[in-house]
A.B. asks: 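Once you've had a glance at the structure underneath, I'll fire off some questions.
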Amino acid sequence: MERKYLGVIGNPIEHSLSPHMHNAALERQKPEYTYLPFRVTQEGLEKALEGFKALGVVGFNVTIPHKVAIMQYLDVITEEARLIGAVNTVHLENGQWVGYNTDGIGFLTMLEEAGGVQAAGCRVLILGTGGAARAVAVQLGLAGAGEIIIANRHPEKAEVFAKEMQAKISGTTYSALSFSPAELAAAIKKVEIIVNATPVGMSSFPEENLPLKAEWFSAGQIAVDLVYSPQWTNFLQLAGNAGCRTLTGVGMLLYQGVAAYQIWLGMEPPIEVMREALVNSLEGPVIREYRPEDEAE
Ligand code: NAP
């Protein structure tokens with residue numbers, strides 16, 4: 001059996017959870033494949049791609065700090081990845097490296113599967129303007145979201161981002177906000193979904209909180225934290241206390257991996273096997289989706 005390789009490149013890469021998730025699925029379904037983590041420096045990026053062809057690496061994920069820099073070395077880039085401005089999945093197709101971005105798809109699938117929410121027509125507040133926020137804002141726009149409000153600690157970045165999105169995606173209304181309490185309170189009252197796309201809440205940010213108040217939220221809204229380590233964050237706690245449904249970042253992480261697997265192998269992976277491997281590789285207690293009504297049962 002000819003061995004084939006998949007992988008993930010980044011620097012550092014030791015912390016990546018993707019090998020756990022993908023190898024669990026590959027062992028079950030495609031044992032001739034192995035998924036490996038590769039630490040690649042900025043200077044080594046182009047050479048790594050040449051080496052991959054020689055070594056039988058047929059697809060890989062891309063993580064920090066290479067998601068933007070990799071684009072210059074690819075032969076084809078999908079429209080989604082171009083709009084987002086970053087690539088997180090690469091596949092060798094007829095000798096050509098094709099770059100995709102599955103982060104936004106991962107977010108949408110998570111919203112549909114766990115949240116039961118269709119993006120078309122929905123109103124969303126996104127906190128943050130980094131790579132994760134871009135993926136979510138683009139994919140929601142492509143899926144026909146009605147209104148997307150982007151709030152950022154440095155509001156000028158939100159202005160630039162919202163203008164850029166509006167110029168590229170015309171069917172959705174994009175606007176920008178600062179982190180001022182009055183603006184945030186008014187925006188939260190207007191939307192159905194609130195997304196934390198900043199790193200606040202990660203274990204590396206122990207002292208920080210988003211400038212939000214529970215009384216701005218209401219039952220029936222959905223709060224999504226893209227942070228997945230830890231799975232349960234102060235943001236989710238605050239929104240959960242106000243009666244919102246809460247979704248952790250694990251769903252997006254899982255489904256961006258599912259979408260990458262589909263691209264590489266052209267088949268549906270065993271999603272529950274991937275989910276279990278992912279959850280087992282995360283530290284801390286397992287958090288399933290939380291619905292306030294569950295507490296009453
Ligand atoms: P990033 O590019 O570093 O995000 C930067 C954004 O966060 C900027 O808008 C920045 O605001 C804001 N920010 C940073 N520190 C802040 C603070 N102390 N207070 C308020 N805002 C702050 O990161 P990213 O790649 O977009 O990722 C964001 C989060 O999403 C991370 O926790 C990452 O792990 C998570 N993520 C999850 C998935 C998933 O699959 N679940 C996928 C991708 C990312 P300024 O512009 O004002 O500095």
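What you see is a predicted model, and the numbers here were worked out from it, not measured in a lab. Just follow the structure's listing: the first ligand is 1, and inside any ligand the first atom is 1.
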A.B. asks: Would you confirm whether any non-hydrogen atom of the protein falls under 4.0 Å from atom 19 (N) of ligand 1?
C.D. replies: yes
A.B. asks: Taking only heavy atoms of Phe179, which atoms of ligand 1 are found under 4.0 Å from at least one of them?
C.D. replies: 20 (C)
A.B. asks: Before giving the answer on side chain to side chain donor-acceptor pair (under 3.5 Å), spell out for Asn61 and Asn88 the whole-Å C-alpha distance, their side-chain angles and the decisive distance to 0.1 Å.
C.D. replies: CA-CA 5 Å; Asn61 286 127; Asn88 80 331; 5.2 Å; no
A.B. asks: To which of Gly130, Ala133, Gly257 does the heavy atom nearest atom 1 (P) of ligand 1 belong?
C.D. replies: Gly130
A.B. asks: Is the number of heavy atoms from other residues, nucleotides or ligands within 6.0 Å of NZ (Lys163) greater than 12?
C.D. replies: no
A.B. asks: From atom 27 (O) of ligand 1, work out which of Gly128, Ser229, Pro155, Ala132 has a heavy atom at the shortest distance.
C.D. replies: Ala132
A.B. asks: Would you mind reporting whether Val57 and Leu36 have side-chain heavy atoms less than 4.5 Å apart?
C.D. replies: no
A.B. asks: Can you confirm, on distance only, whether ligand 1 has an N/O atom lying under 3.5 Å from any N/O atom belonging to Leu253?
C.D. replies: yes
A.B. asks: Could you check which of Gly201, Pro199, Ser204 puts a non-hydrogen atom nearest to atom 7 (O) of ligand 1?
C.D. replies: Pro199
A.B. asks: Of Gly106, Ala86, Gly249, which has the heavy atom at the shortest distance from atom 41 (N) of ligand 1?
C.D. replies: Gly249
A.B. asks: Applying the side-chain hydrogen bond (donor to acceptor under 3.5 Å, both in side chains) test to Tyr261, which of Gln29, Glu268, Gln256 qualifies?
C.D. replies: Gln29
A.B. asks: What part of Ala197 sits under 4.0 Å from ligand 1 if we count only heavy atoms: the side chain, the backbone, both or neither?
C.D. replies: backbone
A.B. asks: Under 4.5 Å between any side-chain heavy atoms of Leu265 and Lys30, yes or no?
C.D. replies: yes
A.B. asks: With heavy atoms only and a cut-off of under 4.0 Å, state how Glu208 meets ligand 1: side chain, backbone, both or neither.
C.D. replies: side chain
A.B. asks: Are Leu226 and Met21 grouped together when hydrophobic residues (ILVMFWY) are joined by side-chain heavy atoms under 4.5 angstrom apart?
C.D. replies: yes
A.B. asks: Using a strict cut-off of 4.0 Å, indicate which atoms of ligand 1 neighbour a heavy atom of Val227.
C.D. replies: 32 (O)
A.B. asks: Take a 6.0 Å sphere around CD of Glu156 and say whether it holds more than 12 heavy atoms from other residues, nucleotides or ligands.
C.D. replies: yes
A.B. asks: Identify, for atom 10 (C) of ligand 1, the protein heavy atom at the shortest distance, and state residue, atom and that distance.
C.D. replies: Asn152 OD1, 4.0 Å
A.B. asks: Pick one of side chain, backbone, both or neither for how His154 approaches ligand 1, counting any non-hydrogen atom pair under 4.0 Å.
C.D. replies: both
A.B. asks: Could you walk me through whether Arg275 and Glu272 pass the salt bridge (Lys or Arg N to Asp or Glu O under 4.0 Å) test, one step at a time?
C.D. replies: CA-CA 5 Å; Arg275 189 196 304 273; Glu272 288 316 310; 3.0 Å; yes
A.B. asks: Would you say NZ of Lys53 has more than 12 non-hydrogen atoms from neighbouring residues, nucleotides or ligands within 6.0 angstrom?
C.D. replies: yes
A.B. asks: Given Asp103, which of Arg134, Lys67, Gln139 fulfils the side-chain hydrogen bond (donor to acceptor under 3.5 Å, both in side chains) condition?
C.D. replies: Lys67
A.B. asks: List in chain and number order the residues that pass ring pair (Phe, Tyr, Trp, His ring centres under 6.0 Å) with Phe60, two or more places apart in sequence or in another chain; answer none if no residue qualifies.
C.D. replies: Phe52, Trp97
A.B. asks: Near Met202, which atoms of ligand 1 are under 4.0 Å from a heavy atom of that residue?
C.D. replies: 31 (C), 32 (O)
A.B. asks: Would you say atom 44 (C) of ligand 1 has a protein heavy atom nearer than 4.0 Å?
C.D. replies: yes
A.B. asks: Give the contacting part of Thr198 toward ligand 1: side chain, backbone, both or neither, where contact means a heavy-atom distance below 4.0 Å.
C.D. replies: both
A.B. asks: Does Thr173 reach the side chain of Ile148, with side-chain heavy atoms less than 4.5 Å apart?
C.D. replies: no
A.B. asks: Taking NZ in Lys168 as the centre, count heavy atoms belonging to other residues, nucleotides or ligands within less than 6.0 Å. Is the count above 12?
C.D. replies: yes
A.B. asks: Below 3.5 Å, N or O to N or O, backbone or side chain included: is there any such pair between Asp103 and ligand 1?
C.D. replies: no
A.B. asks: At a 4.0 Å threshold, what atoms of ligand 1 neighbour a non-hydrogen atom of Val200?
C.D. replies: 16 (C), 17 (C), 18 (N), 19 (N), 20 (C)
A.B. asks: Please classify the Thr129 to ligand 1 contact at 4.0 Å (heavy-atom distances, strictly less than): side chain, backbone, both or neither.
C.D. replies: both
A.B. asks: Near Lys157, which atoms of ligand 1 are under 4.0 Å from a heavy atom of that residue?
C.D. replies: 45 (P), 46 (O), 48 (O)
A.B. asks: Judging by distance only, is a nitrogen or oxygen of Arg153 under 3.5 angstrom from one on ligand 1?
C.D. replies: yes
A.B. asks: Find all atoms of ligand 1 within a distance of less than 4.0 Å from any non-hydrogen atom belonging to Gly131, and give their numbers and elements.
C.D. replies: 2 (O), 26 (O)
